[in-house]
There are 2 protein chains.
Amino acid sequence: MSTSSSRFAVAIHVLTLLTQNPDEPATSEYIAGSVNTNPVVIRRVLGGLRRAGLVRSQGGAGGGWRLARDAEAITLRDVYHAVEEDDQAVFPLHHRPPNPNCPVGRHIQRALAVHFAAATRALEDELARRTVADVLREVRALAG
Amino acid sequence: MSTSSSRFAVAIHVLTLLTQNPDEPATSEYIAGSVNTNPVVIRRVLGGLRRAGLVRSQGGAGGGWRLARDAEAITLRDVYHAVEEDDQAVFPLHHRPPNPNCPVGRHIQRALAVHFAAATRALEDELARRTVADVLREVRALAG
DNA sequence: CCATTCGTAACCAGTATAGTTACGGATGAA
DNA sequence: TTCATCCGTAACTATACTGGTTACGAATGG
């Protein structure tokens, strides 16, 4: 399910990098070197984070990317919402609407929506308990 | 993320149908009429449920699909695992491995795996609290 | 003035989903 | 035995998303 894409992992990776060195802006090329991908991919992901107010960008020479707020105040749920913008649900409903003449088909989507929302809420609550600062601490601990 | 696909929603829908009428087998064509899709799509989804031991199929005239155990004993987590078989993670890691020469790149995936597992666990725990029988009761309540 | 860097469009390859047709094989009733 | 029914599965298609890549305009600041 789910879908899907590694944007969430890449976004946390990038924010962890920015947290590690908060004093000078990081370029998308430098970041791409750590993530092992193309700078355009990084700029695309960071564009979502910028629209969510998590980072700021600065064009031109000496420019790059910085955190827009303290890493202790950026939860993984914030990151998740920033990269999974719009309507990408964890559990999509049917593509075509079910048969409204069938009692089950008529009501199943409303019943499912309640359960899916509860499960998604549990997932997001768990993500909200962790911050980018936590991740950097763990990375440093693993580095020993 | 996620992925993704509507198989989970369709699987719950189908199991709810089978629960509603447990005495006679339902054909994939009948089920497809309620889901509003093609019988082959239904047989594909039900194939996963059969491999997970949730339903049984019977070929030939008078054949079709039945529940293999009581709907009270089929949680939404069981259904989720049946249709999202193999390795489809809710939160995929990087496609290419990050740069091992970067301190963050070297350890980020292990750090992320811990958080992703915790969030996924919370999601599945919530799904485990609900059964197919619950869904049918809610559908009936909505039907008034 | 000019190298740097972002922002974004465009294109491509790979993959997943879902819909469809087709057909073999098993089943069970007539 | 015959035959309509129904599953199981392969094959093909259209659509969409992801990630990688090249390209280029605009803004920045030394």
Side-chain angles (χ1 to χ4, degrees), chain A residues 1-11 13-14 18 24-33 35-51 55-66 68 83-98, chain B residues 1-11 13-14 18 24-33 35-51 55-66 68 83-98:
Chain A
M1 155 165 12
S2 215
T3 146
S4 13
S5 92
S6 62
R7 270 179 309 204
F8 187 37
V10 170
H13 181 160
V14 172
L18 298 184
E24 53 192 44
T27 69
S28 60
E29 186 165 1
Y30 167 77
I31 297 169
V35 177
N36 188 22
T37 185
N38 191 287
V40 175
V41 173
I42 297 299
R43 292 203 289 270
R44 281 203 284 241
V45 170
L46 279 168
L49 302 183
R50 179 174 42 76
R51 283 187 287 274
V55 301
R56 281 173 301 183
S57 61
Q58 173 68 58
W65 301 83
R66 294 169 182 272
V83 298
E84 303 296 335
E85 40 200 340
D86 53 9
D87 58 344
Q88 312 206 40
V90 178
F91 300 121
L93 294 176
H94 309 56
H95 285 190
R96 307 179 185 175
Chain B
M1 162 165 27
S2 31
T3 96
S4 15
S5 92
S6 62
R7 272 179 308 204
F8 187 38
V10 170
H13 181 160
V14 173
L18 298 184
E24 52 191 45
T27 69
S28 61
E29 185 165 1
Y30 167 76
I31 297 169
V35 177
N36 189 22
T37 185
N38 191 286
V40 176
V41 174
I42 297 299
R43 292 202 289 267
R44 281 202 284 242
V45 171
L46 279 168
L49 301 184
R50 178 173 43 76
R51 283 185 288 274
V55 300
R56 280 175 301 184
S57 61
Q58 174 67 60
W65 302 83
R66 293 170 181 272
V83 298
E84 303 296 337
E85 41 202 340
D86 53 8
D87 59 343
Q88 312 205 41
V90 178
F91 300 120
L93 293 177
H94 310 56
H95 285 190
R96 308 180 185 174

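In what follows, chains are A, B, ... by sequence order, proteins preceding strands, each numbered from 1.
Closest to the B:Arg44 side chain, of the nucleotides C:dG19, D:dC7, D:dG20, is C:dG19. Nearest nucleotide to the B:Ser57 side chain, out of C:dC6, C:dG19, D:dC7: D:dC7. For A:Asn38, whose side chain is taken as the heavy atoms from C-beta onward, the closest listed nucleotide among C:dT20, C:dT17, D:dT22 is D:dT22. Of the candidate nucleotides D:dT18, C:dT17, C:dC6, D:dT18 has the atom lying nearest to any side-chain atom of A:Ser5. You'll find that the side chain of B:Ala61 is closest to D:dT5, out of D:dG19, D:dT5, C:dA18. When distances are taken from the side chain of A:Arg43 to each of C:dT8, D:dG19, C:dA18, the shortest belongs to C:dT8.
Put simply, CD on A:Glu24 is 15 Å from C1' on C:dT4, counting in whole angstrom units. For A:Arg7 and D:dG19, the CZ to C1' distance is 10 Å, given to the nearest whole Å. In this structure, CZ of B:Arg56 is placed 19 Å from P of D:dC6, rounded to the nearest angstrom. Atoms CZ (A:Arg51) and P (C:dC6) sit 15 Å apart, rounded to a whole Å. Between the CD atom of A:Glu29 and the P atom of D:dT21 there is a distance of 13 Å, rounded to whole Å. Atom CD1 in A:Ile42 sits roughly 15 Å away from atom P in C:dT5 (whole-Å rounding). Distance B:Leu93 CG to D:dT18 C1': 16 Å, rounded to the nearest Å. Between the P atom of D:dC17 and the NE2 atom of A:His95 lies a distance of 10 Å, rounded to the nearest Å.
Looking only at side-chain heavy atoms (C-beta outward), A:Arg50 and A:Ser57 come within less than 4.5 Å of each other.
Contact annotation: A:Thr27 side-chain N/O to C:dT4 OP1/OP2 distance is not under 4.0 Å. In this model, the phosphate group of C:dA18 is not approached by any side-chain N or O of B:Thr37 to a distance below 4.0 Å at OP1 or OP2.
Comparing A:Gly47 and B:Gly59 along DNA chain C, the residue whose closest nucleotide (by nearest heavy atom) sits nearer the 5' end is A:Gly47. Projected onto DNA chain D by closest heavy-atom contact, A:Gly62 and A:Val40 fall at different nucleotides, the more 5' of which corresponds to A:Val40.
Within the 4.0 angstrom heavy-atom criterion, only backbone atoms of the sugar-phosphate kind lie near B:Gly64; the bases stay farther away. Residue contacts shown for B:Arg96 are limited to sugar-phosphate atoms, with no base heavy atom under 4.0 Å away. Within 4.0 Å (heavy atoms only), B:Arg50 reaches sugar-phosphate atoms of the nucleic acid but no base atom. Counting non-hydrogen atoms under 4.0 angstrom, A:Gln58 reaches the backbone sugars and phosphates but no base.
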Item to complete: Show your working on side-chain contact (heavy atoms from CB on, under 4.5 Å) between A:Val83 and A:Val10 and close with a plain yes or no.
Response: CA-CA 10 Å; A:Val83 298; A:Val10 170; over 6 Å; no

Fill in: B:Ile42 and B:Val45: CA distance, side-chain angles, deciding distance, side-chain contact (heavy atoms from CB on, under 4.5 Å) verdict
CA-CA 5 Å; B:Ile42 297 299; B:Val45 171; 5.9 Å; no

Item to complete: Under the side-chain contact (heavy atoms from CB on, under 4.5 Å) rule, what do B:Val41 and B:Arg44 come out as? Steps first, then yes or no, please.
Response: CA-CA 5 Å; B:Val41 174; B:Arg44 281 202 284 242; 4.2 Å; yes

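Side chain of B:Ser6 to main chain of B:Ala9: no donor-acceptor pair is present (N/O by atom type, distance under 3.5 Å, no hydrogens or angles).
With sequence neighbours excluded, the residues forming a side-chain contact (heavy atoms from CB on, under 4.5 Å) with A:Asn36 are B:Arg96, listed by chain and number.
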